[in-house]
There are 2 protein chains.
Amino acid sequence: MQIRALVASHGKRFKFCAVQDCLQRGAPVWFRRSTPAIQRNAPVSRIEKPADSEPARNPSRAGKPTLKTIAEMTGLAITTVSRALGNAPQISENTRRRVHEVAAEIGYLPDRAAQRLKTGRTNVISVLLDPHEEILGFGTSIMHGLARALQATPYHLIVTPNFLDGSNVDAVNYIIRNGMADGLIFSRTEPFDPRVRLLLENGFPFVTHGRTEFSTPHAFVDYDNYAFAYEATRRLIVKGRRKVTIILPPKRLTFHQHMLHGFMTAVREAGIAYEIPDTLDLDSPADMIRDYVRRRSGEPDPPDGFACPGEVSALATITGMSDQGFTLGAEYDIVAKQTSLLLSQIQPKVETIYEDLKAAGEAMGQLLLQRIAGEPVEDLTILQSPQFGFPTP
Amino acid sequence: MQIRALVASHGKRFKFCAVQDCLQRGAPVWFRRSTPAIQRNAPVSRIEKPADSEPARNPSRAGKPTLKTIAEMTGLAITTVSRALGNAPQISENTRRRVHEVAAEIGYLPDRAAQRLKTGRTNVISVLLDPHEEILGFGTSIMHGLARALQATPYHLIVTPNFLDGSNVDAVNYIIRNGMADGLIFSRTEPFDPRVRLLLENGFPFVTHGRTEFSTPHAFVDYDNYAFAYEATRRLIVKGRRKVTIILPPKRLTFHQHMLHGFMTAVREAGIAYEIPDTLDLDSPADMIRDYVRRRSGEPDPPDGFACPGEVSALATITGMSDQGFTLGAEYDIVAKQTSLLLSQIQPKVETIYEDLKAAGEAMGQLLLQRIAGEPVEDLTILQSPQFGFPTP
DNA sequence: CCGCAAATTTACAACGTTTTAAATTGGCGC
DNA sequence: GCGCCAATTTAAAACGTTGTAAATTTGCGG
């Protein structure tokens, strides 16, 4: 057993000889500064464990290579290794390459916790999942896309579910306050969405799925629901339908207005009859939509053209109508928004207009990365056009 | 400006007077150990910045309260504060309460990165999302449940999507090797699932959705698919169907066998005719299932009872049958597994047996927490019974 | 008032990384 | 050989927390 280091204060029991000894072997000697307030220090002398007894490391990461490992292997300093891996400009090409080689060889990966602690950046993107999302895999489509966008980056995707206690705003506030992520993604925006307001006020990077009406610009990806509603309605009219209707999203959401506008524009251009159910919206349970359609189609002057901005509402409409004996494509038509493959696979007679949610997710991820990198938000807006390329029978 | 600290080696330009001075004021003097290989050290003397110039803190967490903040406010040591917040036994009730009060007042939350770095625990639960999950919100149901289970814990839920490059096993390996999480959750197990093998070998905590056939036990939550298939088939028989069929999950998955077993047991007990499509499984796209059903029902001696272990397959079956002019409930019957509200809302004539995925998610979360806490895995297995409480018309 | 044990509080180091500021090296002109 | 500049490498401190081991305070019997 060998004395490797020694700590001493300048108190009574100062062991001069030990210090001398350490100095000769190049071991560090520590003169401890006394506590400012009270002079408490009693003399200390500490002896390190012998070199062969490894300090008990945290078992969960035993043997995990760190910068220190590479430093020892290459004979460089930890700083240099860090620099080399970060491709810092002042590192010579030679050592840069060598460090990279060794790192790859031993499978080094930087410790996220340490990086996060040091830099304050979390390398985390958080998605606020809303329980009211269209059940047909909205969440997973967006996630697919996000995952793809973050694939080659150091970012991880963490899900902050809204479903539970606390409102959306609380979740956002929590994330801002505690620096739980570097950026945020969420959907179903309102014109003056309180989440957006909060994030804007705090300068926190985020991308929404859906627009707002704040004068301050922010990054968003949105689907052109005006175009969808206009086109869907127009197609119903072209098919010769006499009275059209649309199931709109809840009034408080921004895209309610967009859809309404598209629908009304097409209706007015054609001068056709229409009606808009007001006891019902896209968030209503499928059986409620089904029952409404069934009841309404049994009453006088029912609509015969349905614009359905969701697959579930389309299926519910079909069921309600067929309960009354109406045949899709003959006595009535549906043009629906399609976000998964399900609807067209199940019921090919429904005409669909596609919204690519996976692409939306990917775009949101990319925009968020750009936003975090500091690009001006004015450039970070995407309006997805409906794809009109589907065959019209 | 005041000299507060000084670093010196025992090289030529050793400034003895400066050291003396430091000693007298209680400032630390550092005898730097020379680099082992080459004796490089030249003497150094450093002067600290004046105390009034605040060190430039990371802007992203400016003002965020830390243990130090509380320590300064209460006049206690950082260690004591940490202890008090951790409710360590050796802290007096008095200071414990005071620290908790101050912490609550200033809204202190521990820095996850620092905790993680120090303790090696990540406080993260990772979910492996599989792209082949039933599209109808399997992922989100599980996530709901998990979120609820982790609600009052320090754990966060992070999604490691499988969808992209790399197999399941690679993702698991990555998580183990780099300590990205304290526990793992995934589904769709195979009898000798390589992910399970890997995790068992490394003693990494995990809970699967689905069983395996390893002799080493592990934590799982599974749905009793034997009971489902048996009960579904029995109901078809009770309804007077003459020939039953079932769309099974892919052969490599463990629950393929369970379902097959349940189905065959019911069939054999009743001595009824049956058939099992072998070009088709639950992962087949809906249109493929629909086309198969349509074709088969046009051929001689078609089945008139369908056990559908998924809502999509049920919808596809209905479409295929109605394309041939068959009426559900009259000429044929379906008993389907229901995991969302969609199917029964859209098509109430389908008889359903419920699988509560949200409850499964919550159970998996709880089991995983217990597993991490070190409870024996033998006790951490749950077999969910089908709920037979749904009205049979 | 002393000694001693128990109760409570404390300093220090460490986790693995990045940042700052400084030291070292090499080259070049004299 | 010296001084100087640029290129490269370096030590030390810091991020906020917890574990270890020690110091300090308190209480109590004499």
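Throughout, a chain's letter reflects where its sequence line sits, starting with A, and its residues are numbered from 1.
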Identify which nucleotide among D/dT17, C/dA11, C/dT19 has an atom closest to any side-chain atom of B/Thr79, counting heavy atoms from C-beta outward.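 Given the options D/dT17, C/dA11, C/dT19, the side chain of B/Thr79 is closest to C/dA11.
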
Close approaches to DNA chain C from residues 83-94 of chain A, in residue order (heavy atom, under 4.0 Å): A/Arg83

Calculate the interatomic distance between [X] atom [atom1] and [N] atom [atom2]; express it in whole Å.
{"X": "A/Ile78", "N": "D/dA14", "atom1": "CD1", "atom2": "P", "value": "17 Å"}
{"X": "A/Arg121", "N": "C/dG16", "atom1": "CZ", "atom2": "P", "value": "20 Å"}
{"X": "B/Asp111", "N": "C/dC15", "atom1": "CG", "atom2": "C1'", "value": "13 Å"}
{"X": "B/Arg116", "N": "C/dT17", "atom1": "CZ", "atom2": "P", "value": "12 Å"}
{"X": "A/Lys68", "N": "D/dA11", "atom1": "NZ", "atom2": "C1'", "value": "14 Å"}
{"X": "B/Leu117", "N": "D/dT17", "atom1": "CG", "atom2": "C1'", "value": "8 Å"}

Output a table of donor-acceptor pairs, distance under 3.5 Å, between side-chain atoms of residues 71-78 of chain B and any protein atom two or more places apart or on a different chain; print 'none' if there are none.
from: B/Thr74; atom 1: OG1; to: B/Ile70; atom 2: O; distance (Å): 2.8
from: B/Thr74; atom 1: OG1; to: B/Ala71; atom 2: O; distance (Å): 3.4
from: B/Thr74; atom 1: OG1; to: B/Leu76; atom 2: N; distance (Å): 3.4

Is it true that a side-chain atom of [X] and a backbone atom of [Y] form a donor plus acceptor pair closer than 3.5 Å?
{"X": "B/Asp182", "Y": "B/Asn123", "answer": "yes"}
{"X": "A/His156", "Y": "B/Ile158", "answer": "no"}
{"X": "B/His218", "Y": "B/Val207", "answer": "no"}
{"X": "B/Arg96", "Y": "B/Ala88", "answer": "no"}
{"X": "B/Asp111", "Y": "B/Ala113", "answer": "yes"}

On the nucleotide [N], are OP1 or OP2 found under 4.0 Å from the side-chain N or O atoms that [X] carries?
{"X": "B/Thr80", "N": "C/dT10", "result": "yes"}
{"X": "A/Thr95", "N": "D/dT9", "result": "yes"}
{"X": "A/Ser82", "N": "C/dT18", "result": "yes"}

Counting only distance, no hydrogens or angles, is the base of D/dT18 paired donor-acceptor with the side chain of B/Lys118 under 3.5 Å? yes

Map A/Leu76 and B/Leu67 onto DNA chain D by nearest heavy atom, then report which one ends up closer to the 5' terminus. A/Leu76

Qualifying side-chain hydrogen bond (donor to acceptor under 3.5 Å, both in side chains) pairs with a residue from residues 101-110 of chain A, counting only residues at least two apart or across chains: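 side-chain hydrogen bond (donor to acceptor under 3.5 Å, both in side chains) check on residues 101-110 of chain A returns no pairs.
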
